[in-house]
Structure formats: structure tokens, C-alpha cells
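Below, each value reflects all heavy atoms present in this structure, side chains not excepted, and no hydrogens, waters or symmetry copies.
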Amino acid sequence: MIERGHALAALSEHEFDVVVVGGGITGAGVALDAAARGYSVALLERADYASGTSSRSSKLVHGGLRYLQHFDLGLVREALLERSLMVALAPHLVRPLPLVVPAFDGGRPDRLVGVGLNLYDVMSVDRDRLRSRRGRRGRSQRGRGNGAAASADARALGRSAAPEDGESWSPERHRVISGEEVLELLPALAPRDPTSGYLFYDCQTDDVRLVLTVLGEAERFGAVCANRVAVTGLLERDGRSEGVQALDVESGARLDVRAANVVNATGVWADELRPQELHDEAELPRIRPSRGTHITIRNEDLPLVGGAIVPAGAGRSIFALPWLGHTLVGTTDNDYEGPLDHIRPSDEDIDYLLEAVNKFFGTALGTAQLTGAFAGVRPLISTGDPKKSVDISRKAELYETSSGMITITGGKLTTWRRMAKMTVDRLVERDARDAPCRTHEIPLGQAIAADELPRVEGVPDASYEALASRYGHAAHDVLALAAERGELAQPIVAGLPDLLAEVALAARREQARSIGDALLRRTRLGLLAARELTGRELNASSHSADGGAEGGPVERVGAVLGRELGWSAERLATELDRFASEAAAEGMLDAGGAVESVPAAGSPLPRARS
């Protein structure tokens, strides 16, 4: 991405066809779709990219089995087709994941679940391709009796399974596997001795990295993106919008961004921009934020190769998933009322997740075993049916109001491309353009195998696979920085693959402006190594502003950012304090601190020179 200062200059100097408000996955998708169709596009994000809902998902790209219970067949079908397409467009970012529904005590897998999985299989592929795959499977002589071979194949599919010849990926049909195969995919179930289970496939991603990659592609098509720019209102002429009024939250400077069309893609914040217009004219239902809490655990404490569907009481279920070398557990789904900028995982939600996991796996995990916890809110649209257990729909909704502003909200991570297409289709129809959608054929980054990357002195072996899956071919840029400055080849947290070179790249190429940007979003250490980041090391006294690498992980990250962004010693101390406050506000483990005193994300700094 271009340097933020250059982006701000372009926003002030040029007029655009479209200005997109919101830098999560939906806004990023709209920017890419519009730019690829020939529109000039500006995108504004008031905090950091993906700092809201888009960084706090269950990390799944999936159809959503639970929506079958409510007969949301259209939603599931749409999501399954998008899942297949995402693996084709971004095979390094969106990877197949085997999931298991086990059975115990000599029982057979629940037949009702099998019926649902049959439907899931059928809806995931076109009929012609389903018939051809059945023929191939019949010729392949893939048996069910060899448990080791079958589960090894499942692991191999979960790791790669890149589509060939430009085809969208689609999984093998679900099947029943033996207890031995279940244990190979879910070693943590050993105390319960499962007898069999259903094996099926969905996909997994790093949600923030997906957002950043989509933004990078949008910029390649000419979009101008800037974070820490808050939209405060619309520019209007004769009642029609012609851009937005904005505030650079770092400098306090105000700017007007002129554009023929305004798209509001701010998710749970959608009704904060012209709320009267949205509710009175478009009859937008009040968005019902739903809090979803997740916890992470060391893989050694809850070892998983594939994912598990875990019963959680009252007819609900949660996921336990392998993710970035850890185990991710979630999510809860509770109505939320409160501030939206920083969402803390509640103690009740964490206890609920631990209780479900311990009962299912036969473990005795407690909060001492957690490596992280995070929560976010989803923009759910009310169905008006109070009898539903969750009175919402994940379906996307599009609204156009008298000012001409288009608002897109609802939906989910998996269907971001469809939501973007829906939005830009409306713009194209309104402008009477001939501009078909192209995002179904635009690769998202460029995949690369870890063994194709050059070896750099000091970089741990485990880092190469992580770099390849996070950056694809752009991992070369990270390694070039590590080769250029030896200290950047070191891990941020000992024993984990994330490198200090990634922090430098984030500042240079991804508009990372704070320690939180680097630790919560450009890397995911805030979710996976919270104890290492929230201890006594949040203290500037041991650090110099010249880029030295003394102190703990947070100081080392601050030093790298300070060198890249030209921070003074006073500014570095301010940024370290700010991260401590952000960690407390986000409820990172053992962060402590008073939430009331936390500055808003991206709020103007004291008058320290940068």
C-alpha cells in the first residue's frame, strides 16, 4: 500500500467516482470491485484496517452448518460457492480444514447430522461437477478401512488442496471414519476413546491478512486507501451527496473527500452515519450487535490436527480449531449493549467456552492455560421473529437513501465478495454503465511454497511456512528486510514464528501506525501470546528511540516502529502507554488497567514531535 501521507495528499487533491467508508472486509471488497470495474475509488477507515469485526471472527470461510437448522438454504449455498472460489483465488490464505463430529460409547454418528452434511455436500458444488467427482471417486478406490492413510490424506488436504487448472476448490463428500481416524485428527479426545465420527471439510483463514490482501489488490487497480481518517458527515449539493467530510485523527486536520458516490460499509457502525436518513427513509432495522468471544490455548494443552464441532448446551455448538500453531475455541453469540470500539471478552463467556471444551474433551483446562482471549461484535439484522433462538439473519442488506448514499451491512466474512458485488452492481445500474463484476477472476496475492523462499541467517525454520501462508510471494519482501538488518530476523516472541521484519514491513507497506496495529492485526500475537505481551514489559524505561532491541516483545516492536516512523523517545513512551491501555480495553489476559481511561483508537497524540 502507498505511504499514508501520500494517500492523504491524493484524497485532498483529487475527486473520485466512489468513496468507501469503512476498512473492514466489506469495505475492502467494495473498493476492489469498484476499482476493477474502472471506477476511481477512495477508502477511508477511522481506526486501523480490520480493527472491528473483521479481525475478530472464528477464522472460518464456511457455509455455516447451523444455518441449515433455520432453513437458510440460500445463505448456505451462497457461502459454500464463495468458499470454493476463495480457495482458488487465494490458496495461501484460504485453506481447507478437516472437521470432525465424533461419536462415543459405541454409538454411531447422529443420523440427523448426516442428513445435514449430505445437504451441505450437494449445495457446495454444481450438479455437473458433482457427477464428475462421483465418477472420479469411484475410480480412485479410496477405501474406508485404512485409518492412517485416510487421516493422513485428510491432513494433506487440509494443508494444501490447491485447485488445479483454474477450477474452484470443492471438497470430497463427508464420510464416516473410525475411532482411530478421529483420534489422529483430534488427539485431545484420547481420554474419551471415540468410536467413530463424521469427517467433512470447510476452510480457514487469517481474517486480517485477507482484508489487507484485498486492499492491496484494490490499490493495484488504482484505489487510494487511508486509515486513521474518520468520516464526520456528508458533503451535499441540493440534497445529494458529493463526498464526505473527514478528520485526520492523527493530526486533527480536516479534509473534504469529493466523490460522486458514497458507500457506507461500516458494519455495526452503519447507523452512526446519517442515522435519521437510514431509519426514517430506508427503514433500516436497528442493527443488533451480537458479541462473539473466542479463547486460544496452546496446542500442547489441547492438541488438534483438524477441527471439532463441540456441543455447548441448549442445542448450541462451538468450534475447537487448530489455528496458527494454537487451538482456537469459539464462539459465543449473545446480544451486546455497550461501547463498540473496544469489546472485552466477558468472564461468563470464557467460563462457558472452557466448560464446553472440558466436558467434550475430558480435560480440566482453566484460565491459566489460556494464551489469549478476544471478542467482537457482528452486525446482525433482526428477522422480527422473537421465537428464534437467535433473532437475527446473517444475510446482507443493501439500502439507498435520498442523499444517494448506499449502505451495505449484515452478512459474514465468507460472503464479502458477494456483498461487494451487490453494492457495486447498484452503482453500475444507477450510472447506466456497462461494467460487469470481475472479482471472481482476480487472484488475491500470489501463493508460494515455503521451500521456494530464500533462507536468511537468523530466521527460524518455522518462520518460512508462516511467512508463505501469510504473505504468499510478498514473503520475499519480509526476508529482504531480515537480511538487510540482522536484528529484524529475530522472532518477536521467542518460540513463535512472527519476525520483527514483519513489523518493519507493516510500517512501510501496510500503514501500521501503532504497536497495537502490529501485534493485534499485522501479526496475531495479541491473540496467541497475550501473557508475553501484557506483563511488566509494558514500560518505556528500558528502551531507546534509535531502534535498539532491548526489553520485552512490546518494547522491541515499539523500537522497530519508532525507527520506521521517526518517533522520538517521548513519542515511543506515549505509544507504549497507549498499547498498555489498548490491551486493557481489549481484555487481553492480565493486562489490567482502567478501561475508562483508554483513548479511542487513532486519537490525536499529545504534542510530542514525531
Side-chain angles (χ1 to χ4, degrees), residues 22-29 45-62 64 66 204-212 227 265-272 287-296 316 318-319 321 323-324 326 328-350 352-353 370-381 390 392 394 396 409-416 419 516-517 519-528 530 582-589 591 595 598 600-602:
I25 189 60
T26 305
E45 163 56 45
R46 72 175 181 180
D48 186 29
Y49 303 120
S51 57
T53 305
S54 295
S55 60
R56 303 157 193 266
S57 74
S58 295
K59 323 306 179 192
L60 288 173
V61 176
H62 65 141
R66 74 184 180 96
Q204 191 175 52
T205 192
D206 179 337
D207 45 12
V208 176
R209 188 50 52 180
L210 182 61
V211 173
L212 292 170
N227 59 5
T266 54
V268 291
W269 293 271
D271 55 5
E272 292 185 7
I287 293 171
R288 290 185 55 180
S290 173
R291 180 175 60 196
T293 296
H294 296 78
I295 56 177
T296 63
R316 294 189 53 79
I318 60 174
F319 292 105
L321 309 168
W323 186 63
L324 300 183
H326 288 65
L328 174 69
V329 177
T331 178
T332 60
D333 198 349
N334 301 312
D335 282 349
Y336 174 79
E337 294 182 3
L340 296 176
D341 287 332
H342 295 284
I343 313 297
R344 295 174 62 93
S346 72
D347 292 341
E348 293 80 5
D349 283 354
I350 291 173
Y352 168 83
L353 295 174
L370 300 186
T371 56
F374 64 96
V377 287
R378 296 183 289 275
L380 304 180
I381 303 299
V390 181
I392 52 84
R394 298 303 297 274
T409 191
K412 58 187 224 172
L413 178 71
T414 304
T415 57
W416 68 268
M419 295 173 67
D517 292 353
L519 291 175
L520 290 169
R521 290 172 287 278
R522 304 311 184 278
T523 72
R524 311 315 303 273
L525 291 171
L527 313 185
L528 303 174
E582 184 175 5
E586 296 289 335
M588 287 172 60
L589 299 177
V595 178
V598 177

For this session: Return yes if a side-chain donor-acceptor contact under 3.5 Å exists between D207 and S54, otherwise no.
Result: no
Problem set entry | Donor-acceptor pair, side chain of R344 and main chain of A584, under 3.5 angstrom | yes
Seminar exercise, completed: On a heavy-atom basis, the closest approach of A530 and G372 is CB-CA, 4.0 Å
For this session: Please determine which of D333, T332, N334 meets the side chain to side chain donor-acceptor pair (under 3.5 Å) test together with S290.
Result: D333
For this session: Quick one: pull up CG in D341 and CD in E586 and give me the separation to the nearest 0.5 Å.
Result: 9.5 Å
For this session: Please answer whether the main-chain N or O of L527 pairs with a side-chain N or O of T296 as donor and acceptor at a distance below 3.5 Å.
Result: yes
Seminar exercise, completed: I350 and T293 have their tightest heavy-atom pair at CG1-CG2, 4.4 Å
Exercise. Is any side-chain heavy atom of T205 closer than 4.5 Å to a side-chain heavy atom of L413?
Worked result: yes
For this session: State which residues pass ring-ring contact (aromatic ring centres under 6.0 Å, His included) with H294; sequence neighbours excluded, sorted by chain then number.
Result: F374
Problem set entry | K59 and L328: CA distance, side-chain angles, deciding distance, side chain to side chain contact (heavy atoms under 4.5 Å, CB included) verdict | CA-CA 9 Å; K59 323 306 179 192; L328 174 69; 3.6 Å; yes
Exercise. How many angstroms lie between OG1 in T266 and CZ in R46, if you round to the nearest 0.5 Å?
Worked result: 8.0 Å
Seminar exercise, completed: Applying side-chain hydrogen bond (donor to acceptor under 3.5 Å, both in side chains) to S55 and not counting sequence neighbours gives none
Exercise. Has the side chain of R209 got a donor or acceptor atom that lies under 3.5 Å from a matching backbone atom of R522?
Worked result: yes
Exercise. Between R521 and E582, is there a salt bridge with N-O shorter than 4.0 Å?
Worked result: yes
Problem set entry | Evaluation steps, side chain to side chain contact (heavy atoms under 4.5 Å, CB included), between W323 and L528 | CA-CA 10 Å; W323 186 63; L528 303 174; 3.9 Å; yes
Exercise. If every non-hydrogen atom of L340 is compared with every non-hydrogen atom of E272, which pair is closest and at what distance?
Worked result: CD1-OE2, 4.2 Å
Problem set entry | Donor-acceptor pair, side chain of K412 and main chain of R378, under 3.5 angstrom | no
Problem set entry | CZ-CG distance between F319 and L353, expressed to the nearest 0.5 angstrom | 13.0 Å
Exercise. Rounded to the nearest 0.5 Å, how far does CG of L324 lie from CZ of R524?
Worked result: 8.0 Å
Problem set entry | Residue pair L370 / I295: nearest heavy atoms and the distance that separates them | CD2-CD1, 3.8 Å
Exercise. How far apart are the C-alpha atoms of M588 and L519, what are their side-chain angles, what is the distance that settles it, and do they pass the side chain to side chain contact (heavy atoms under 4.5 Å, CB included) test?
Worked result: CA-CA 12 Å; M588 287 172 60; L519 291 175; over 6 Å; no
Exercise. Does Y49 reach the main-chain N or O of N227 with its side chain, forming a donor-acceptor pair under 3.5 Å?
Worked result: yes
Problem set entry | T331 and R56: CA distance, side-chain angles, deciding distance, side chain to side chain contact (heavy atoms under 4.5 Å, CB included) verdict | CA-CA 10 Å; T331 178; R56 303 157 193 266; over 6 Å; no
Exercise. L520 and G526: which non-hydrogen atoms are nearest, and at how many Å?
Worked result: CD2-CA, 3.8 Å
Exercise. Closest approach of E45 and G23, non-hydrogen atoms and distance?
Worked result: OE1-N, 2.7 Å
